[in-house]
2 protein chains.
Amino acid sequence: MSSIREVARRSGVSVATVSRVFNTPEVVSQQTRQLVLDVAAEIGYLPNESARTLATKKSNMVGLVWDTDHRRPGWRHPFLQDILVALKSALSAHGLHLLMLAPDQSPGQSRFLRAVQRHNVDGVVIIDNGSRDPAVLALADAGVPCVALDLRFTGPACTYITSDNAGGGRLAAQHLIERGHRRIATITGPLPTYPAVERLEGFCQVLSEAGLELAGSPAGDWYLESGYTAMKELLSTDPRPTAVFAAGDEMAVGALRAADEAGLRVPADVAIVGFDDIEVAALIPPGLTTVAQDKTGIGTAAAESIMSMLTDATTPLAPIILPTSLIIRGSS
Amino acid sequence: MSSIREVARRSGVSVATVSRVFNTPEVVSQQTRQLVLDVAAEIGYLPNESARTLATKKSNMVGLVWDTDHRRPGWRHPFLQDILVALKSALSAHGLHLLMLAPDQSPGQSRFLRAVQRHNVDGVVIIDNGSRDPAVLALADAGVPCVALDLRFTGPACTYITSDNAGGGRLAAQHLIERGHRRIATITGPLPTYPAVERLEGFCQVLSEAGLELAGSPAGDWYLESGYTAMKELLSTDPRPTAVFAAGDEMAVGALRAADEAGLRVPADVAIVGFDDIEVAALIPPGLTTVAQDKTGIGTAAAESIMSMLTDATTPLAPIILPTSLIIRGSS
DNA sequence: TACGGTCTTGAAACCGGTTACATAGGGGCG
DNA sequence: CGCCCCTATGTAACCGGTTTCAAGACCGTA
């Protein structure tokens, strides 16, 4: 394997000069630089990242903390793939790699922190379920630059990216009111979590501004079954609501099914609006009206935030709240 | 930051001994071992992976080559998330991390190879689109241990994991024949690709064994629109088929929509069977009968294959063909 | 008592980079 | 001409581990 000393030897310069050619080319003379580059190309020299990391304590790797194991075993982030694509390509463009961190073997509060330290990971992107894992919080305490998604995550070098959940809730309410509905209910997410709380608040705010009261607000857990159950509950009230805002698309699909089984037509008998704009929303008849999150924007913003923290870790970064948009389909 | 020399100093042994405590504990005496472990725990010592990698040329990282950028920009692997979960947790259990490789900046045939070499990645998992990227093939030529998914990928240290596509095609055909259909058509995937070819072959084999001929076989590109178009084409023939096997679930959803728009009832007027078992299949009315791939099995098998190559790179590994299963829902 | 073997440990070279510091050469200016 | 500054480069220490080789301690045996 060709090393920097080999390149130095062959081009008759010192290793320091070769190193400079690759790191601070502007300080080395034009001819020397070209000579070294030619030699390097000829023997296929590639700087060894481990050695570089060892010397500089910068790895050019961003950690991804994505909690797959404990907690609800099968939890799916609704659009992980879209976020990953955006995140990865934005990072790649700046020569950064994404390391999916396996939590350190031995248990304890710093499972992730240990992995971060061992690998000299420069910063971390956190994709979590909304609840607060102490092992994740330990990262913030240790001063590791962190960007969290869908999770208010604060600390000296931390920030977070989230959709404008409250605004999305307002969009949904406005839409349903404009459509002439007066008896409007909602199916919330699990209430301790921020997205659930904020969507609900935004939604209620517009309703009360219009002088309306919520016609029911059972809570779900984001998953389909809970939406189905909640919808059945709502449909059994009398008078039943003419419109329902489900705070997540999966629950909205469950609600659609419940409406269907109850013999109700959507949107004629009951209108349904979801939140997220997952793939299914466009595919399922009659098409789910939903508040769309900017998936690519989230991934890109995460990449940009992390990169800006890497170049300047001192100035704290403001959270980024991405706008949501209403996508009107057949269900409302 | 605490280094191995610090531990050595505090416990009054040499660095070599400390290193042994962590790598080959059986060769160091019980008391010394305990002493070193205590000291290490006390000062929070963690071995630095970069230094370790530099010395051993093993990084404990598996590269993930997942082609997001070129080609169809938005291509989605139908169940990336499931594969990732299984892959990651199987690797984690053995202390391996997953590095999502950004192709090297400068272009050329070895974009990925360069990234692999710079980072001393031990092996690579390839999730590709089915077509053959020379930059990916360069990995195999260079002798990097590779496991490819859904892609027949061979070489000295390469193997691949795939579902039994032909078997799945047969399952679909048997099911439709059992249901009494005689005029049966299929919507294939893009035909140069292996999954498309094999699903078609398996399907046709059973049909011809039953003395039936294919009532049409337009090709799609895996995406919804193409399934929609192909289905319209099939429905315009006379007599039209009474059953259609779409080689991918997204295309099957498109086919469902076309049938719906043509005023046909599914499955009464026309039965539809898909392939993959993506999330939507269970959600969309009337429920899509489909040939399910073992998503978790694929991820787990990939992890196991790569790990076995890491421990023994000499004996070539046989490809793994995972069984498929028919999931009967409302559409057939 | 001398010898060989096993177990445990230490010294030092090595992996492949970066960088602080020193140095040499060239140009401008008083 | 002498001095100073600036540019281009080299020397060598350092990052934090692993591993080869040698050596000391202790044992049993002839």
Side-chain angles (χ1 to χ4, degrees), chain A residues 1-37 39-40 43-61 95 97 104 114-122, chain B residues 1-37 39-40 43-61 95 97 104 114-122:
Chain A
M1 186 49 58
S2 63
S3 74
I4 198 174
R5 310 195 199 251
E6 176 72 6
V7 176
R9 199 181 56 71
R10 294 219 193 190
S11 41
V13 300
S14 72
V15 293
T17 298
V18 177
S19 179
R20 291 187 192 105
V21 166
F22 287 96
N23 295 298
T24 49
E26 63 278 7
V27 307
V28 30
S29 77
Q30 165 66 31
Q31 343 171 11
T32 311
R33 190 191 321 161
Q34 196 55 52
L35 170 63
V36 169
L37 287 176
V39 171
I43 68 175
Y45 165 73
L46 294 172
N48 179 311
E49 291 295 330
S50 303
R52 197 197 282 250
T53 299
L54 180 58
T56 61
K57 304 188 179 319
K58 301 234 139 282
S59 64
N60 288 324
M61 294 193 298
H97 299 255
D104 193 277
R114 284 197 293 267
V116 163
Q117 291 174 336
R118 292 168 71 118
H119 289 271
N120 288 300
V121 159
D122 299 335
Chain B
M1 187 48 59
S2 63
S3 74
I4 198 174
R5 315 203 192 245
E6 175 72 5
V7 177
R9 198 180 57 70
R10 294 217 193 193
S11 41
V13 301
S14 71
V15 294
T17 299
V18 178
S19 179
R20 290 188 192 105
V21 167
F22 288 96
N23 295 299
T24 50
E26 64 277 8
V27 308
V28 32
S29 76
Q30 165 65 31
Q31 347 171 7
T32 310
R33 190 193 317 163
Q34 197 54 54
L35 171 63
V36 168
L37 286 176
V39 170
I43 69 176
Y45 166 74
L46 294 173
N48 179 310
E49 291 295 331
S50 303
R52 195 195 282 249
T53 300
L54 180 57
T56 62
K57 304 190 178 318
K58 300 233 140 283
S59 64
N60 289 325
M61 295 193 298
H97 298 256
D104 193 277
R114 284 198 295 266
V116 163
Q117 290 174 335
R118 292 168 70 118
H119 288 270
N120 288 110
V121 159
D122 298 335

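Any value given below was found using the heavy atoms of this structure, including those in side chains, with hydrogens, waters and symmetry copies removed. We name chains A, B, ... by the order of the sequence lines, and we start the count at 1 in each one.
With contacts defined as side-chain heavy-atom distances shorter than 4.5 Å, the pair A:T32/A:R20 does not qualify. With a 4.5 Å cut-off on side-chain heavy atoms, A:R9 and A:R5 do not count as touching.
Contacts of B:T32 with the nucleic acid, taken as non-hydrogen atoms under 4.0 Å apart, involve only primed sugar atoms and P, OP1 or OP2. Nucleic acid contact class of B:S29 (heavy atoms, under 4.0 Å, all strands): sugar-phosphate only. Residue contacts shown for B:T56 are limited to sugar-phosphate atoms, with no base heavy atom under 4.0 Å away. Within 4.0 Å (heavy atoms only), A:Y45 reaches sugar-phosphate atoms of the nucleic acid but no base atom. Within 4.0 Å (heavy atoms only), A:V13 reaches sugar-phosphate atoms of the nucleic acid but no base atom.
Among C:dG10, D:dT18, D:dG17, the nucleotide with an atom closest to any side-chain atom of B:R5 is D:dG17. For A:S19, taking side-chain heavy atoms from C-beta onward, the closest of the listed nucleotides C:dT18, C:dG17, D:dT18 is C:dT18. Here D:dT18 is the nucleotide among C:dT18, C:dA12, D:dT18 with the atom lying nearest to any side-chain atom of B:R52.
Rounded to whole angstrom, the span from the CG atom of A:L54 across to the P atom of D:dC14 amounts to 14 Å. The separation between B:Q117 atom CD and C:dG17 atom P is 12 Å, rounded to whole Å. Here the P atom of nucleotide D:dA8 and the CZ atom of A:R33 are 9 Å apart, to the nearest Å. Taking atom CZ of A:F22 as the reference point, atom P of C:dT19 lies 15 Å away to the nearest angstrom. If you take CD of B:E6 and P of D:dC15, they are 12 Å apart, rounded to a whole angstrom. Atom pair A:K57:NZ and D:dC14:C1' shows a separation of 10 Å (rounding to whole Å applied). Atom CD in B:E26 sits roughly 10 Å away from atom P in C:dT8 (whole-Å rounding). As rounded to whole Å, 11 Å separates atom P of D:dT19 from atom CD1 of B:I4.
Considering all non-hydrogen atoms of both residues, B:Q117 and A:L46 come closest at OE1-CD1, 3.4 Å.
Note: B:T56 OG1 to B:E49 CD = 8.5 Å, rounded to the nearest 0.5 Å. To the nearest 0.5 Å, atom CD of residue B:E6 and atom CD1 of residue B:I43 are 5.0 Å apart. Here the CG atom belonging to A:N48 is positioned 7.0 Å from the NZ atom belonging to B:K57, to the nearest 0.5 angstrom.
Judged purely by atom type and a 3.5 angstrom limit, A:N120 has no side-chain atom pairing as donor or acceptor with the backbone of A:K58. Without hydrogens or angle criteria, A:R33 side chain to A:V28 main chain gives a donor-acceptor distance under 3.5 Å.
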>> Using side-chain contact (heavy atoms from CB on, under 4.5 Å), reason through A:M61 and B:H97 one step at a time and then give a plain yes or no.
In response: CA-CA 12 Å; A:M61 294 193 298; B:H97 298 256; over 6 Å; no
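Considering only side-chain N and O atoms, B:S3 lies nowhere under 4.0 angstrom from the phosphate OP1 or OP2 of D:dG16. Proximity of A:T17 to the phosphate of D:dG10: a side-chain N or O atom is located under 4.0 Å from OP1 or OP2. For A:N23 and C:dT18, the shortest distance from a side-chain N or O to OP1 or OP2 is below 4.0 Å.
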Provide a list of protein-nucleic acid N or O atom pairs under 3.5 angstrom, restricted to nucleotides 4-6 of chain C.
none

Detail all sub-3.5 Å separations between protein N/O atoms and N/O atoms belonging to nucleotides 21-28 of chain C.
none

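In this structure, a donor-acceptor pair under 3.5 Å is absent between the side chains of A:N60 and B:R118.
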